[in-house]
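Counting from 1, the numbers follow the sequence of the chain as shown.
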Amino acid sequence: MEGLPPRLPEPLTVCQICAANQPPCWQEDEMCRNEPRAIILLVQIPLEVVVRDGVGCLHRGRSEILMRVRVALCCPRGECWQNQWVLLPSVRMNGCADYCGDATFCVKLEACLEAYLVRQEAVFRQECRPMCPPPLPLYPHPARIEDCCTY
């Protein structure tokens, strides 16, 4: 784990782990290029870790996990460059964390990653829409007396 101050008073406990507000980094797995209708991604998810020291103060640190994801392709592999990846990670602790010394923890995590291959399409405006009639008043206008009684 990175970003913690040196020589924190022990014992250290992990209070929270979640995906950081940074986008995950990804690259295509070179070992699995032979699948014709799927792509394998190696996704590096940045984490934000909250640690409590022996005095009770909270500190924030950074870490990361690496996930392998298989995504079915909706287009031929040669046309994937026209699309954009949208990766939505979600990470949480699943149980207690054991302190191993030197700002190292053994933690069981539950990670979920939604991966979408999105193609942006052009949206056209409809120029020839029919004109709407003017809005009608909610109530009829009151009648004026001088208009009704002309002699």
Side-chain angles (χ1 to χ4, degrees), residues 1-140:
M1 184 177 352
E2 301 171 351
L4 289 179
R7 296 184 292 285
L8 290 174
E10 295 188 6
L12 299 178
T13 56
V14 175
C15 298
Q16 179 184 9
I17 296 177
C18 61
N21 290 332
Q22 301 168 357
C25 300
W26 60 271
Q27 66 181 9
E28 187 175 348
D29 191 357
E30 299 296 329
M31 303 293 291
C32 303
R33 278 189 167 265
N34 56 359
E35 289 199 42
R37 297 298 296 160
I39 190 167
I40 308 290
L41 297 179
L42 294 174
V43 182
Q44 182 181 2
I45 302 172
L47 301 176
E48 185 174 301
V49 183
V50 178
V51 176
R52 177 176 285 135
D53 63 10
V55 182
C57 296
L58 296 176
H59 305 278
R60 294 188 181 275
R62 295 177 309 275
S63 188
E64 59 191 30
I65 60 173
L66 187 66
M67 291 182 70
R68 178 175 276 127
V69 180
R70 182 182 187 274
V71 181
L73 292 177
C74 57
C75 61
R77 187 178 283 273
E79 295 179 10
C80 286
W81 65 271
Q82 297 174 349
N83 301 321
Q84 178 180 3
W85 284 105
V86 177
L87 302 171
L88 304 172
S90 175
V91 179
R92 68 177 183 171
M93 281 179 35
N94 192 2
C96 297
D98 296 329
Y99 180 59
C100 301
D102 194 31
T104 304
F105 295 89
C106 296
V107 181
K108 189 174 183 181
L109 297 176
E110 182 179 334
C112 178
L113 179 67
E114 295 182 42
Y116 302 101
L117 189 58
V118 179
R119 181 175 181 159
Q120 297 183 1
E121 298 287 336
V123 178
F124 298 103
R125 289 182 32 195
Q126 293 180 351
E127 295 294 331
C128 53
R129 276 195 272 175
M131 293 295 294
C132 295
L136 298 174
L138 293 177
Y139 300 102

Which heavy-atom pair separates [X] from [Y] by the least distance, and what is that distance?
X    : Y    : value
L109 : M93  : CD2-CA, 4.1 Å
L8   : H59  : CD2-NE2, 3.5 Å
V71  : A115 : CG2-CB, 3.8 Å
D53  : P9   : CB-O, 3.5 Å
A111 : V91  : CB-CG2, 4.2 Å
P46  : P24  : CD-CA, 4.0 Å

Any heavy-atom pair between the side chains of [Y] and [X] that's under 4.5 Å?
X    : Y   : result
V107 : I17 : yes
L58  : V51 : no
R68  : I40 : yes

Working to the nearest 0.5 Å, report the span between [atom1] of [X] and [atom2] of [Y].
X    : Y   : atom1 : atom2 : result
K108 : R92 : NZ    : CZ    : 12.0 Å
L4   : S63 : CG    : OG    : 10.0 Å
C25  : L66 : SG    : CG    : 10.5 Å
L47  : E2  : CG    : CD    : 11.5 Å

Regarding E48 and R62, does a basic nitrogen lie under 4.0 Å from an acidic carboxylate oxygen?
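Salt bridge absent between E48 and R62.
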From the options V50, D98, V49, select the one residue that forms a side chain to side chain contact (heavy atoms under 4.5 Å, CB included) with V14.
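Testing each of V50, D98, V49 against V14, the sole residue satisfying side chain to side chain contact (heavy atoms under 4.5 Å, CB included) is V49.
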In this structure, which one of L42, L113, L87 forms a side chain to side chain contact (heavy atoms under 4.5 Å, CB included) with W26?
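Among L42, L113, L87, the one that satisfies the side chain to side chain contact (heavy atoms under 4.5 Å, CB included) with W26 is L87.
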Could you walk me through whether L117 and W85 satisfy the side chain to side chain contact (heavy atoms under 4.5 Å, CB included) test, starting with their C-alpha distance in whole Å, then the side-chain angles of each, then the deciding distance to 0.1 Å, before giving a yes or no?
CA-CA 5 Å; L117 189 58; W85 284 105; 3.6 Å; yes
Count the heavy atoms of every other residue, nucleotide or ligand shown that sit under 6.0 Å from CZ of R60, and state whether that count exceeds 12.
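No, not enclosed.
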